[in-house]
Amino acid sequence: MNRKRRSIASNLWFWVKYYLKHNPSIFWITVAGILLSPVFQMLALYFPKVTLALIEEKAAPQRLALVLVGYTLLYLAARGISQGVEAYNGWTLNWERQRVVFQTFLKSLRVDYAYTESEEGRNDFRKAVEVQNRGDGSASSQFVYIVRSLASTVITFVLYSTVLGSLSIWMVFLLLALAGIGYLMDLRENRFHNSLRDQEAVTEKHYLYMKSAMGNASAAKDIRIFSMGSWLRQRLDGVVAAREKLEWRKAVWAWKNGFWGRTLDLIRDLGAYAYLIYMAASGDMTVSDFVLYFGAITGFSGFVREVAFSLASLQQASADTEWVRGYLELPEEDVSSGSRHVSELAQPVSIEFRDVGFSYQAGENRTEVFSHLNLQIKAGEKLALVGANGAGKTTLVKLLCGFYEPEEGAILLNGIDAREFPKAERYAFFSVVFQEMFFPPTRIDESIALKETEHIDQKRLREALEKAGMWEVLQEKGITMDQYMGNLKNKGVELSGGQNQRLLLARALYQDGAVLVLDEPTAALDPIAESQVYDAYQEYSHDRTSIFISHRLASTKFSDRILKREKGKIEEMGTHQELLEKNGAYAQMYRVQSGYYQESSSSTDIGRD
């Protein structure tokens, strides 16, 4: 994501439009807060002067009491309303902060998949979420708090300036000049903190990773068996030390800036107070006026510093907004445009990779995966794609499904360029089981069908579970369809790795796509369970174009054709028997794996005897 440098006004308008669209009350309550704050500030300023003036005039006790009660009630009313508005605003801002995080997550599902999966995309998403996960310090909340504080402070500052201007216009200019120096100091500190942002992000990433890894219960066995405790502790100490070093640098800078800032405040206030004392001593100022100007100078100094601080903070809030805004305004993937529809395709469908080229780009580094790849899969054919990890098998699936687009060449479905079909239809055209497991924390039936309960075909769901070999497992465990996956709720369902793999197979069966793709679906299963699953898939894939990807060879015997990839090239191709007779790399891989299974079986038999 290329971050644009937008003005503070532009980012302010972004949040104004956002709140007017999603929660207009925040905008109007903020305006009310801006107007209310100066009211009670002025009441607080004039309260002592009015009281002393009445005493100087020797006003009647009844009049004095009436004025005091009236002022007190006005002040308490203004203060109470302001605090109530602030509390309500805080609650609504927290809600909207969470909404922005959720919208950022949803946005990640709508932008180009290649960007989402890239390192740049992951970092941009993490940063956009991070600047919103700071509570009241989040980008969306900070803009409101700072703008409200700045606007009300400016109004109050103008009112206080009129009070001090009646005393001496030079006093106003002097206080402004000294406050300007304070602003430059705050701005310099803010720039220092900005210079540490990238370093802080890396350090925090390492810290959170170590914290997560050491708190992972599944790692407890390895940590004990391999005596990793002291080693991990050293690594964590190193990460914590780097974190503390950054915090120390920030603390030292803050102390220095604070020391000179307070010194500047002291010089400014002592000079102003000396002038007031001189005026009062010479008889040119009444006691009530002395108290008024004394309070005005104190407040004026604070307001000027607050304006300066708010302006510096506004720059930081604007910089944080760039991450959120930049991500939310990313162009979205076009999933609806297309000149053809997959409903036009006769089934089973044929697939052709024609002169396809593709590479991964990470910064200036380019890794070529395919160059002039040509591959034809006949209609209804069952193709097994085997090879070592990193041979490009999963990348081929992502190209086929439309997650990536070829840099050159084309992928054809029944002779038609796949790019002519809307991506949404293309996604639904395939039933895919990937290596990575994803189960949303919903009911079991919803997690498999990926639909709301009322839209699920329960009969079709049961058939999918039976074919995947999971219906009886769930029945034996007493697990019902209304229980939740994971430990989000009581009686949450947590299954073994192999059982989770079977649920993923059931999901693919329920979707019932025209093309079946299994990307290492049985990696967590034992050989017997793996064979049973593939037997079920052999029946399901009848008259259906199917692609089975694995580095284990259980899927190859019932495949019509086997393709072995190595180092970006098709090394061997043929049926299982043809490749065994060829006695090449596939045959060697098959003999090694078969020998392992036979040895395991023999060992088991010996153990039983």
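Heavy-atom basis, side chains included; hydrogens, waters and symmetry copies ignored.
A donor-acceptor contact shorter than 3.5 Å is absent between the side chain of R443 and the backbone of E452.
Among residues two or more places apart in sequence or in another chain, the side chain to side chain donor-acceptor pair (under 3.5 Å) test is passed with R462 by E466. In this view, D512 and R544 satisfy the salt bridge (charged side-chain N to carboxylate O under 4.0 Å, His left out) rule, not counting sequence neighbours. The ring pair (Phe, Tyr, Trp, His ring centres under 6.0 Å) search around Y18 returns W15, H22, not counting sequence neighbours. Not counting sequence neighbours, the partners of A424 by the side chain to side chain contact (heavy atoms under 4.5 Å, CB included) test are V335. Listed by chain and residue number, K564, L579, K582, A585, Y586 satisfy the side chain to side chain contact (heavy atoms under 4.5 Å, CB included) test with E572 (two or more places apart in sequence, or in another chain). With sequence neighbours excluded, the residues forming a side chain to side chain donor-acceptor pair (under 3.5 Å) with N94 are R97, listed by chain and number. Under the ring pair (Phe, Tyr, Trp, His ring centres under 6.0 Å) criterion, Y113 pairs with F403, Y404, sequence neighbours left out. The side chain to side chain contact (heavy atoms under 4.5 Å, CB included) check on E352 picks up R354, Q376, L412, with sequence neighbours excluded. Applying the side chain to side chain donor-acceptor pair (under 3.5 Å) test to N133 and every residue at least two apart in sequence or in another chain returns nothing. Checked against side chain to side chain donor-acceptor pair (under 3.5 Å), S108 has no partners two or more places apart in sequence or in another chain. Every residue two or more places apart in sequence or in another chain was checked for a side chain to side chain contact (heavy atoms under 4.5 Å, CB included) with K21, and none qualifies.
Ion pair R561/E381 flagged as a salt bridge, since at least one NZ, NE, NH1 or NH2 atom sits closer than 4.0 Å to an Asp/Glu carboxylate oxygen.
Y360 does not carry R366 over the face of its six-membered ring by the limits of under 6.0 Å from the centre and within 45° of the normal.
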Show the numbers, then the answer: is there a side chain to side chain contact (heavy atoms under 4.5 Å, CB included) between V473 and L465?
-> CA-CA 10 Å; V473 173; L465 286 168; over 6 Å; no
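We find the OG-CZ distance between S138 and F143 to be 12.0 Å, quoted to the nearest 0.5 Å. Distance CG/L345 to CD/E425: 9.5 Å, rounded to 0.5 Å.
Counting only residues at least two apart or in different chains, salt bridge (charged side-chain N to carboxylate O under 4.0 Å, His left out) contacts with residues 389-400 comprise E117-K398.
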